[in-house]
Amino acid sequence: MEKKRVGTSAIVLLALIQGVLASSAVEVQPSINPAIAGSNMTLSLSPSTAIQSGSWAVGESVILTWIGDQQAVFPSHTGRASVNVLTGALTLSSVKVADSGVYVVRGSDPQLQANASITVVETISNVMLSVNETNLMEFNSSAVVKCSVSSGSSLSFLWMNGSSEITASDRVQLTDGNSTLTLVNATRYDRGPFMCRVFNPVSNGTSDALNLTISYGPDNMALTVNGNNTTSFSPGSNLTMFCSAQSNPPALLQWAVRGELVNTTGPLLELFNVSEDQSGPYSCLAFNNHTNMNSNITTNIMISMPISNVTLRATATNLVEFNDTAVLMCSVSKGTSLSYVWMNGSSAVTAGGGVQFSNGGSTLTMAMVTHYDEGPFKCNVSNGISHDISAPVLLNISCEFSQDNGLSQQY
């Protein structure tokens with residue numbers, strides 16, 4: 001009897017060892033993974049193994065069992081599952097997203113167990129965008145854009161603004177698994193076009209483009225005259241002033257001269273054959289009737305005669321150092337709206353320390369001259385459309401000293 005018990009135990013142990021070996025050697029290989037919803041899928045054993053009896057389950061739910069050539073399908077999979085009784089392969093037809101899970105095969109003759117994780121994914125169709133509001137006010141409105149599909153599972157979302165990918169920031173929020181885009185305090189750069197790209201392991205889709213209307217401005221105004229930034233012109237010139245402003249909708253533009261509105265609207269103000277009395281500030285006023293905001297820009301136009309024949313003279317050229325005052329006067333034959341720059345050699349003359357400018361800068365006065373004030377002095381006159389320089393003037397600065405006998409001499 002003892003020998004028989006030993007022999008039986010050995011047989012059972014051998015069978016267990018064979019079962020363990022079989023389990024470790026067998027794998028479940030799906031025909032496709034992930035599988036597309038509605039398709040058929042076969043879970044085969046590799047290597048192919050003849051199993052006299054066994055079962056298939058997904059998670060804890062039994063799908064079917066078989067013994068020999070007889071199989072029993074549980075109600076949850078009636079009409080959708082079958083097993084090849086020779087190879088143990090399980091075939092599922094018209095798989096659904098709910099069929100995703102871990103599939104386990106258990107064999108009792110021989111003993112084995114193997115599993116595989118299967119994902120069933122529904123293909124994506126009809127990607128759509130919806131938005132709470134398409135007409136927004138810059139810095140005062142927020143947009144909530146939702147991306148949805150008619151069908152599809154295991155979805156991932158990617159948002160685009162034109163050709164740029166949208167990422168989360170202080171003003172940009174991505175929620176609901178990235179399916180919802182919120183633009184907080186929208187700016188003019190949030191106009192779009194926005195698109196939502198949706199993808200999963202078996203398919204992808206892109207929504208139609210969505211554009212938002214952002215009302216903003218007017219701001220960033222610019223004003224040019226004759227196509228550039230020049231503001232000084234000679235009498236008889238024709239001037240075309242162009243005004244622009246960043247604004248949506250486009251701003252209403254009105255012109256003013258010297259602070260008084262003129263009967264001209266729109267971006268252009270044209271002046272023909274201008275005269276000197278048309279000098280002054282010219283302003284462009286912008287108003288946006290959607291944002292109720294306004295802005296303006298002003299340029300100072302100078303109409304002046306070209307400069308000619310700049311002359312420099314001194315009231316006296318022979319002066320005594322530390323005693324006399326030099327007065328130099330600069331004049332022109334023609335020219336208006338004049339500006340003066342004085343030069344002593346290659347150095348500019350500036351006010352201070354006994355040096356003064358008067359008469360609009362045309363007169364230079366130097367009190368208590370020194371030998372450094374001999375010059376040559378030149379007067380450079382300009383008015384925005386022309387300039388001219390005088391001929392140089394030299395001063396003769398002599399030094400006076402007293403001798404012991406009280407007589408005064410110069411040298």
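These numbers were taken from a predicted model, which means no experiment stands behind them.
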Sequence neighbours left out, cut at 3.5 Å: what donor-acceptor pairs do the side chains of residues 255-267 make with other protein atoms?
| residue | atom | partner | partner atom | Å |
| --- | --- | --- | --- | --- |
| W255 | NE1 | G266 | O | 2.9 |
| R258 | NE | S279 | O | 3.2 |
| R258 | NH2 | D277 | O | 2.4 |
| R258 | NH2 | S279 | O | 3.0 |

- Closest non-hydrogen atoms of L174 and A168, given as atom of the first, atom of the second and distance, are CD1-N, 4.2 Å
- For M305, does its backbone N or O pair with a side-chain atom of T336 as donor and acceptor, under 3.5 Å? yes
- Using side chain to side chain contact (heavy atoms under 4.5 Å, CB included) as the criterion, list what pairs up with N84, not counting sequence neighbours. L86, T87, A89
Hey, can you pull the donor-acceptor pairs under 3.5 Å for the side chains in residues 323-331, sequence neighbours left out?
| residue | atom | partner | partner atom | Å |
| --- | --- | --- | --- | --- |
| D324 | OD2 | V320 | N | 2.7 |

- Pairs meeting criterion disulfide bond (SG atoms under 2.5 Å apart) with involvement of residues 69-147, two or more places apart: C147-C196
- Item | Nearest-0.5 Å distance, CG of residue N248 to NE2 of residue H290 | 8.5 Å
- Note on the structure: Note: A314 and V393 closest approach over all heavy atoms is CB-CG1, 4.4 Å
- Query: Do other residues, nucleotides or ligands put more than 12 heavy atoms under 6.0 Å from the CD1 atom of I67?
  - Reply: no
- From F194 CZ over to N161 CG, what is the distance, rounded to the nearest 0.5 angstrom? 4.0 Å
- Query: How far apart are the closest heavy atoms of I118 and P30, and which atoms are they?
  - Reply: CD1-CB, 3.6 Å
- From CG (L129) to CH2 (W159), nearest 0.5 Å: 5.0 Å
- 4.5 Å side-chain heavy-atom contact, N309 and K334: no
- Item | Expected output: side-chain R106 to main-chain Q113 donor-acceptor under 3.5 Å | no
- Can you tell me how far CG of L158 sits from CZ of F199, rounded to the nearest 0.5 angstrom? 6.0 Å
- Flag side-chain contact, heavy atom, 4.5 Å: H371 against F322: no
Determine all donor-acceptor pairs shorter than 3.5 Å in which one atom belongs to a side chain in residues 337-357; sequence neighbours excluded.
| residue | atom | partner | partner atom | Å |
| --- | --- | --- | --- | --- |
| W342 | NE1 | G361 | O | 2.8 |
| N344 | ND2 | Y372 | O | 3.4 |

- Selection residues 77-126 - residue pairs positive for disulfide bond (SG atoms under 2.5 Å apart), sequence neighbours left out: none
- Query: How far apart are the closest heavy atoms of A81 and L90, and which atoms are they?
  - Reply: CB-CD1, 4.3 Å
- Message: Could you check whether any side-chain N or O of S31 sits under 3.5 Å from a backbone N or O of T42, counting only pairs where one atom can act as donor and the other as acceptor?
- Response: yes
- Task: From the options L268, L269, T224, select the one residue that forms a side chain to side chain contact (heavy atoms under 4.5 Å, CB included) with M241.
- Result: L269
- So, does T230 use its side chain to make a donor-acceptor pair with the main chain of S232 at under 3.5 Å? no
- Task: Give every residue pair that meets the side-chain hydrogen bond (donor to acceptor under 3.5 Å, both in side chains) criterion with at least one member in residues 298-308, sequence neighbours excluded.
- Result: S283-T298, S304-N383
- Query: What's the verdict on side chain to side chain contact (heavy atoms under 4.5 Å, CB included) for L395 and F377, showing C-alpha distance, side-chain angles and the deciding distance?
  - Reply: CA-CA 9 Å; L395 301 179; F377 289 93; 3.9 Å; yes
- Message: Do L239 and I303 make a side-chain contact, defined as non-hydrogen atoms from C-beta onward lying under 4.5 Å apart?
- Response: yes
- Item | Euclidean distance, L394 CG relative to T317 OG1, rounded to 0.5 Å | 9.5 Å
- Under 3.5 Å: donor-acceptor pair, side chain of N226, backbone of N238: yes
- Apply the side chain to side chain contact (heavy atoms under 4.5 Å, CB included) test between Y282 and each candidate in L223, I297, L271; give the one that qualifies. L271
- Message: Any donor-acceptor pair under 3.5 Å linking the side-chain atoms of S247 with those of N288?
- Response: yes
- Query: Going by the side-chain hydrogen bond (donor to acceptor under 3.5 Å, both in side chains) test, which pairs reach into residues 136-148, not counting sequence neighbours?
  - Reply: E138-R188
- Can you check whether F287 reaches N292 side chain to side chain, under 4.5 Å on heavy atoms? yes
- Item | T370 side chain to E321 backbone, donor-acceptor under 3.5 Å | no
- Looking at residues at least two apart in the chain, or sitting in another chain, which of them share a side chain to side chain contact (heavy atoms under 4.5 Å, CB included) with S203? T123, I124, N200
- Might you work through the side chain to side chain contact (heavy atoms under 4.5 Å, CB included) test for V105 and N115, ending with a clear yes or no? CA-CA 6 Å; V105 60; N115 63 71; over 6 Å; no
Listing, residues 45-65 side-chain donor-acceptor contacts under 3.5 Å, not counting sequence neighbours, or none:
| residue | atom | partner | partner atom | Å |
| --- | --- | --- | --- | --- |
| T49 | OG1 | P47 | O | 2.9 |
| S53 | OG | S108 | OG | 2.4 |
| W56 | NE1 | G88 | O | 2.9 |

- Task: Considering non-hydrogen atoms only, spot the tightest contact between A251 and A286 and give its length.
- Result: CB-CB, 4.0 Å
- Note on the structure: Residues at least two apart in sequence or cross-chain that pass salt bridge (charged side-chain N to carboxylate O under 4.0 Å, His left out) with R197, listed by chain then number, are none
- Query: Run the side chain to side chain contact (heavy atoms under 4.5 Å, CB included) check on V172 and I166 step by step: do they pass?
  - Reply: CA-CA 8 Å; V172 178; I166 299 173; 3.6 Å; yes
- Task: Inspect the surroundings of CZ in R171 and state if more than 12 heavy atoms from other residues, nucleotides or ligands are less than 6.0 Å away.
- Result: yes
- Query: So, the side chain of Q278 versus the backbone of S275: is there a donor-acceptor pair under 3.5 Å, distance only?
  - Reply: yes
- Query: Is any side-chain heavy atom of V145 closer than 4.5 Å to a side-chain heavy atom of L210?
  - Reply: yes
- Item | Shortest non-hydrogen separation from S151 to E122 and the atoms involved | CB-OE2, 3.7 Å
- Between D99 and H77, is any pair of side-chain heavy atoms under 4.5 Å apart? yes
- Item | Beyond-backbone contact of V184 with Q173, side-chain heavy atoms, under 4.5 angstrom | yes
- Item | side chain to side chain contact (heavy atoms under 4.5 Å, CB included) evaluation trace for L285 with L253 | CA-CA 6 Å; L285 315 176; L253 301 177; over 6 Å; no
- Note on the structure: Interatomic distance, CG@L212 vs OG1@T134, rounded to 0.5 Å, equals 7.0 Å
- Would you say N40's side chain and S94's backbone share a donor-acceptor pair under 3.5 angstrom? yes
- Tell me, which pairs form a disulfide bond (SG atoms under 2.5 Å apart) where one or both residues lie in residues 226-299, sequence neighbours left out? C243-C284
- How about D170: does its CG atom have over 12 heavy atoms from other parts shown lying under 6.0 Å from it? no
